[in-house]
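Given the structure is predicted, the values throughout are model-derived calculations rather than measurements. First listed ligand is number 1; within each ligand, the first listed atom is number 1.
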Amino acid sequence: MTGRSSFLIVANRLPVDRTVEPDGTASWRRSPGGLVTAIAPVMQRRDGAWLGWSGAPDEDFKPFDQDGMNLIPIPLSSQEVELYYEGFSNATLWPLYHDVVAPPVFERRMWECYREVNERFAQAAADAAEQGAVVWVQDYQLQLVPAMLRELRPDLRIGFFLHIPFPPDELFWRLPWRKELVEGLLGADLVGFQRPGGAANFMRLCRRLLGLSYKGSEVYSEDRVIKAQAFPISVDFGELDSLVREPAIVARAKEIRAELGDPEHVLLGVDRLDYTKGIGQRLEAFGELLDEGRLSPGEAVFVQIATPSRERVDEYRRLRDDIELQVGRINGEHSTLGLQPIQYFHQSYGRRELAALYLAADVMVVTPLRDGMNLVAKEYVSCHHDLRGSLVLSEFAGAADELRASWLVNPYDVEGLKRTMLTAMRATPHDIARRMRTMRRRVSTYDVDRWASEFLTALESPA
Ligand code: ADP
Ligand code: G6P
């Protein structure tokens with residue numbers, strides 16, 4: 001790619017990830033997580049460029065085009081991966097912003113590295129943006145970029161969207177660098193959150209930390225007005241809806257059920273292997289239903305797909321061990337020859353296979369302890385034009401605001417979770433269809449294009 005762009009996405013990761021096989025062959029694969037799922041279709045429909053890390057340490061790649069997107073790689077050294085990515089982003093901010101479901105680590109050298117890497121991203125964006133361009137900075141890894149970029153390029157229109165929850169101020173207050181982070185975000189013209197509560201938390205902090213006043217969705221700094229608002233992110237409903245109508249996907253869904261032994265109920269979990277996702281809680285509930293004889297092993301199969309994630313961070317390593325032990329224990333106690341009640345896969349799948357799995361599942365179990373949105377819930381809904389399929393959804397996922405017609409659960413309440421899973425399995429087809437129709441109406445009208453265009457329209461209109 002040559003020249004400067006009028007529209008830039010700046011995210012920690014590129015939409016593709018450089019992976020090297022054990023035999024040394026390297027390839028680009030889709031990066032994990034909801035940010036890429038949401039932003040990639042938006043970018044494919046616009047001209048512009050995406051700046052981000054390739055996922056490989058100590059590699060400096062030239063800009064390249066892939067899947068209709070101009071990609072500009074930003075290099076990270078091994079030490080930066082350790083301190084900025086695994087450290088401050090994923091051992092400090094991630095747990096702190098997710099209700100401290102794991103204890104956050106506070107280390108000064110991680111913070112210093114975070115600041116340095118944010119500077120590199122800001123400089124790269126300043127170099128790649130044409131005069132007056134729109135630059136859209138994404139997520140918790142880059143919260144200092146808006147202010148750094150404004151300093152370098154005051155002519156730009158800068159947006160920021162936080163994909164994860166923004167915490168209540170009593171949690172945020174613990175951060176030794178709380179003031180710097182809020183000032184970093186205030187460099188944007190528009191700061192977007194998943195839920196109205198996140199925007200409200202942010203505005204209260206602006207007053208408490210910096211003495212700024214606010215009204216409605218506007219924060220007033222000395223010389224500027226900054227908008228802070230909720231924009232619930234969504235999925236490419238149309239893409240999934242047409243995918244599951246393809247005969248090949250329908251056939252694959254049937255085949256999956258047959259491979260599972262054609263049980264009466266197929267339950268499904270699809271997540272990055274992350275401690276915020278409540279995977280242990282849902283497996284515990286399923287295991288107890290088997291222990292108590294309220295479900296028989298041939299009656300229901302639980303398919304749990306867990307994408308490998310952040311594997312060098314301690315909490316993630318521990319989580320993997322815990323989940324694998326739990327799966328082994330439940331299967332050990334309840335399997336019969338050729339029949340395992342939990343099918344666990346520590347793998348990533350392509351979009352087509354994932355769509356077939358969603359179509360094949362009778363009950364989707366989404367039980368995060370805290371989640372900004374949770375796109376998996378919306379993907380499942382997008383894949384059920386047949387109006388079959390029940391969604392069990394945590395009250396603590398952003399998606400619960402919109403998908404009120406799901407079976408809502410408190411994932412900390414294992415008894416409630418067991419009851420709800422059984423109810424969702426045994427609901428009448430009429431009730432299931434009614435709920436699914438309501439949820440589909442919401443996701444089809446508020447899809448990812450609508451999300452992006454509402455954000456960008458708000459960004460481009462003066463405060
Ligand atoms: P997060 O962003 O925290 O990972 P989301 O539910 O919002 O959570 O988004 C996860 C995205 O990753 C979804 O688009 C989902 O389809 C995708 N995904 C999750 N697990 C897998 C997997 N094993 N293989 C392929 N894609 C996956
Ligand atoms: C979540 C975050 C994203 C992140 C993704 C995958 O969706 O909000 O910013 O990219 O998880 O995590 P990873 O650490 O692999 O990029």
Peer 1: Without hydrogens or angle criteria, can the side chains of S78 and D58 be said to hold a donor-acceptor pair below 3.5 Å?
Peer 2: yes
Peer 1: Would you mind running through ligand 1 and noting each atom that sits below 4.0 Å from a heavy atom of T37?
Peer 2: 11 (C), 13 (C), 14 (O)
Peer 1: Which residue owns the protein heavy atom closest to atom 25 (C) of ligand 1, what's the atom, and how far is it?
Peer 2: Y349 O, 2.9 Å
Peer 1: Give the numbers and elements of all ligand 1 atoms closer than 4.0 Å to a heavy atom of Y358.
Peer 2: 16 (O)
Peer 1: Output the list of atoms in ligand 2 that are nearer than 4.0 Å to some heavy atom of H163, sorted by atom number.
Peer 2: 8 (O)
Peer 1: Could you check whether any side-chain heavy atom of S390 comes within less than 4.5 Å of a side-chain heavy atom of I432, counting everything from C-beta outward?
Peer 2: yes
Peer 1: Ligand 1 and I305, any nitrogen or oxygen pair closer than 3.5 angstrom?
Peer 2: no
Peer 1: With the side chain counted from C-beta on, respond yes when W177 and Y114 share a heavy-atom pair under 4.5 Å apart, and no when they do not.
Peer 2: no
Peer 1: Quick one: do the Y84 and N12 side chains pair a donor with an acceptor below 3.5 Å?
Peer 2: yes
Peer 1: Does an N or O from L375, backbone or side chain, lie closer than 3.5 Å to an N or O of ligand 1?
Peer 2: yes
Peer 1: Strictly distance-based, threshold 3.5 Å: is any side-chain N or O of H98 a donor or acceptor partner for the main-chain N or O of I164?
Peer 2: no
Peer 1: Kindly determine whether W136 and F455 satisfy ring-ring contact (aromatic ring centres under 6.0 Å, His included), including the steps that lead there.
Peer 2: CA-CA 10 Å; W136 192 359; F455 183 95; 4.4 Å; yes
Peer 1: Pull out every atom of ligand 1 sitting under 4.0 Å from any heavy atom of V376, numbered as shown with elements.
Peer 2: 6 (O), 15 (C)
Peer 1: Run the numbers for me: atoms of ligand 1, each under 4.0 Å from some heavy atom of L354, listed by number.
Peer 2: 16 (O), 25 (C), 26 (N), 27 (C)
Peer 1: With a 4.0 Å cut-off on heavy atoms, is Y380 touching ligand 1?
Peer 2: no
Peer 1: Starting from atom 15 (O) of ligand 2, locate the nearest protein heavy atom and write down its residue, its atom name and how far away it is, to 0.1 Å.
Peer 2: R13 NH2, 3.0 Å
Peer 1: Which of the atoms of ligand 2 are close to L35, meaning less than 4.0 Å from one of its heavy atoms?
Peer 2: 3 (C), 7 (O), 9 (O)
Peer 1: Please confirm whether Q141 comes within less than 3.5 Å of ligand 2 when only nitrogen or oxygen atoms on both sides are compared.
Peer 2: yes
Peer 1: Which residue owns the protein heavy atom closest to atom 8 (O) of ligand 2, what's the atom, and how far is it?
Peer 2: D139 OD2, 2.6 Å
Peer 1: Which ligand 1 atoms are under 4.0 Å away from a heavy-atom of S348?
Peer 2: 22 (C), 23 (N), 24 (N), 25 (C)
Peer 1: Looking only at N/O atoms, are G34 and ligand 1 under 3.5 Å apart anywhere?
Peer 2: yes
Peer 1: Return the option from E86, Q138, R310 holding the heavy atom at the smallest distance from atom 12 (O) of ligand 2.
Peer 2: R310
Peer 1: List the closest protein heavy-atom neighbour of atom 16 (O) of ligand 1: residue, atom name, distance to the nearest 0.1 Å.
Peer 2: E379 OE1, 2.6 Å
Peer 1: Using distance alone, decide if ligand 1 has a nitrogen or oxygen within less than 3.5 Å of any nitrogen or oxygen in D371.
Peer 2: no
Peer 1: Can you tell me the protein heavy atom closest to atom 6 (C) of ligand 2 and the distance?
Peer 2: P32 O, 3.4 Å
Peer 1: Atom 8 (O) of ligand 1: which of K277, H346, R272, K378 has the nearest heavy atom?
Peer 2: K277
Peer 1: What do we get for I164 next to ligand 2 when only non-hydrogen atoms under 4.0 Å count, side chain, backbone, both or neither?
Peer 2: side chain
Peer 1: Please state which protein non-hydrogen atom is closest to atom 22 (C) of ligand 1 and give its distance, to 0.1 Å?
Peer 2: T307 OG1, 3.1 Å
Peer 1: What orientation do Y349 and F345 show, parallel under 30°, tilted 30 to 60°, or perpendicular over 60°?
Peer 2: perpendicular
Peer 1: Closer than 3.5 angstrom, by distance alone: can the side chain of S5 be matched with the main-chain N or O of G48 as a donor-acceptor pair?
Peer 2: no
Peer 1: With a 4.0 Å cut-off on heavy atoms, does R30 reach ligand 1?
Peer 2: no
Peer 1: With atoms numbered from 1 as shown, which atoms in ligand 1 lie under 4.0 angstrom from a non-hydrogen atom of R351?
Peer 2: 14 (O), 16 (O)
Peer 1: Side chain, backbone, both or neither: which part of V235 comes within less than 4.0 Å of ligand 1 when only heavy atoms are counted?
Peer 2: neither
Peer 1: With D413, which residues qualify under side-chain hydrogen bond (donor to acceptor under 3.5 Å, both in side chains), at least two apart?
Peer 2: none
Peer 1: Nearest to atom 7 (O) of ligand 2, what protein heavy atom do you find, and at what distance?
Peer 2: G34 N, 3.4 Å
Peer 1: Can you name the atoms of ligand 1, numbered from 1 with element, that are less than 4.0 Å from a heavy atom of V270?
Peer 2: 19 (C), 20 (N), 21 (C)
Peer 1: Is there a donor-acceptor contact under 3.5 Å linking the side chains of S382 and R440?
Peer 2: no
Peer 1: For atom 14 (O) of ligand 2, what's the nearest protein heavy atom and its distance?
Peer 2: Y85 OH, 2.5 Å
Peer 1: May I ask you to decide if D67's main-chain N or O and Q44's side chain share a donor-acceptor pair within less than 3.5 Å?
Peer 2: yes
